[in-house]
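The analysis underlying the following values was restricted to heavy atoms, covering all of them including side chains, and did not include hydrogens, waters or symmetry mates.
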Amino acid sequence: MPNTLFGAQPLFTIATWNVNSLKMRMPVLLDWLEKHKPDALALQETKIEDHEFPTLDLAIAGYQAVYAGQKSYNGVAILAKDMPDACDYGLPDFADEQKRVIAATVNGVRVIDLYVPNGQSVGSDKYEYKLNWLAALHRWLGEELQKHEKIVVLGDFNIAPEDADVDDPWRWEGRILFTDAEKAAFHRLLELGFVDAFRRFPHPPKTFSCWDYRMNAFHKNRVARIDHVLVSPALVPKLTAAMIDVAPRTHERPSDHTPVVISMEN
DNA sequence: ATGGTAGAAACTCTA
């Protein structure tokens, strides 16, 4: 059950983390769960088939899981202290073999875990797929708002929505993850009523969630805040904190993404 | 300025 501080409201903490291979990241993931003990954690890029999912190791750590995985690419999962309920898979009315969406109810909160397509390069087939995918997501989330009051939409959005979300907006201009069409798609989700939880709280400038593995090679390349936690209007006044935990990037074999964590009154 | 590195898996693709 959610953490409780003496004399305070019980808090519900939920996080998102693109782990870039669950198998590779199990040691650091288990360390992180032990340290932070979130009530729920949404994972992306698990890159593991369902029959290989490490349910036992996670159960020993105190976490139940629902998951939708595939070999080599993509894959999403929701871990929670209490068993996630009413699980849904994929975007409705959008045929997609890629495992990028899983939704479940945790402690009365509808948790929607996303691994938004990367888009590869502007004008590519994958870019068009990304924009179509985001349009289908927008339609679905509009419907979900009619069904659920408490919704958290979180994951790797592969979009840096504002200038403050990249290291150098001038250099990023027009590049993948930072095009006008991608930013507009993100802002259309906010127009539905969702709120970017991270921006409800002050943070140091240049707080990012993802850095390209190649950034030290030639020049700094692709450092951005592309992992997000959106909350439905009913949850906005309940938010108590939002942070990006950069600690796991100091691990010996880090993911290229760091966890984003929010807490709210339960 | 079209490289670079990490991961999975297969000798290439994705990010």
Nearest whole angstrom, please: distance from the [atom2] of [N] to the [atom1] of [X].
X: Gln120(A); N: dT2(B); atom1: CD; atom2: P; value: 18 Å
X: Leu22(A); N: dA6(B); atom1: CG; atom2: C1'; value: 16 Å
X: Leu177(A); N: dT14(B); atom1: CG; atom2: C1'; value: 13 Å
X: Ile48(A); N: dA9(B); atom1: CD1; atom2: P; value: 9 Å
X: Asp212(A); N: dT5(B); atom1: CG; atom2: P; value: 11 Å
X: Tyr115(A); N: dG7(B); atom1: OH; atom2: C1'; value: 11 Å
X: Asn18(A); N: dG7(B); atom1: CG; atom2: C1'; value: 12 Å
X: Asn74(A); N: dC13(B); atom1: CG; atom2: P; value: 16 Å

Can you tell me if [X] touches the phosphate of [N], counting only side-chain N or O atoms and a distance under 4.0 Å to OP1 or OP2?
X: Arg25(A); N: dG7(B); answer: yes
X: Lys126(A); N: dT14(B); answer: yes
X: Arg253(A); N: dG7(B); answer: yes

Quick one: pull up CG in Asp113(A) and CZ in Arg100(A) and give me the separation to the nearest 0.5 Å.
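Answer for the CG-CZ pair, Asp113(A) versus Arg100(A), is 12.0 Å.
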Closest to the [X] side chain: [options]?
X: Tyr213(A); options: dA1(B), dA8(B), dT5(B); result: dT5(B)
X: Arg171(A); options: dT14(B), dA1(B), dA15(B); result: dA1(B)
X: Arg214(A); options: dT5(B), dA8(B), dT14(B); result: dT5(B)
X: Ser72(A); options: dA8(B), dA15(B), dG7(B); result: dA8(B)

For DNA chain B, whose closest nucleotide is more 5', that of Pro254(A) or that of Asn158(A)?
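This one resolves to Pro254(A).
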Map Thr46(A) and Asn118(A) onto DNA chain B by nearest heavy atom, then report which one ends up closer to the 5' terminus.
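Mapping each residue to its closest nucleotide by heavy atoms, the 5'-most match is Thr46(A).
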Taking atom [atom1] in both [N] and [M], compute the distance separating them and give it to the nearest angstrom.
N: dT14(B); M: dA10(B); atom1: C1'; result: 14 Å
N: dT2(B); M: dA15(B); atom1: C1'; result: 15 Å
N: dA9(B); M: dT5(B); atom1: P; result: 22 Å
N: dC11(B); M: dA1(B); atom1: P; result: 35 Å

Main-chain N/O of Asp196(A) paired with His228(A) side-chain donor or acceptor, under 3.5 Å
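Absent.
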Tell me whether Glu52(A) at atom CD has more than 12 heavy atoms from other residues, nucleotides or ligands lying less than 6.0 Å away.
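Above 12, so yes.
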Asp167(A) and Trp172(A) side chains, donor-acceptor separation under 3.5 Å
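Short answer, yes.
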For a quick check of understanding: with a heavy-atom distance under 4.0 Å over all strands, which category does Arg249(A) fall into, base, sugar-phosphate or nothing?
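Counting heavy atoms under 4.0 Å across all strands, no contact is made by Arg249(A).
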Less than 4.5 Å apart, side chain to side chain, heavy atoms only: is that true for Ile151(A) and Leu235(A)?
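Heavy-atom side-chain distance check fails, nothing below 4.5 Å.
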Lys35(A) with Asp245(A): basic N within carboxylate O range, under 4.0 Å
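A salt bridge is absent here (no side-chain N lies under 4.0 Å from a carboxylate O).
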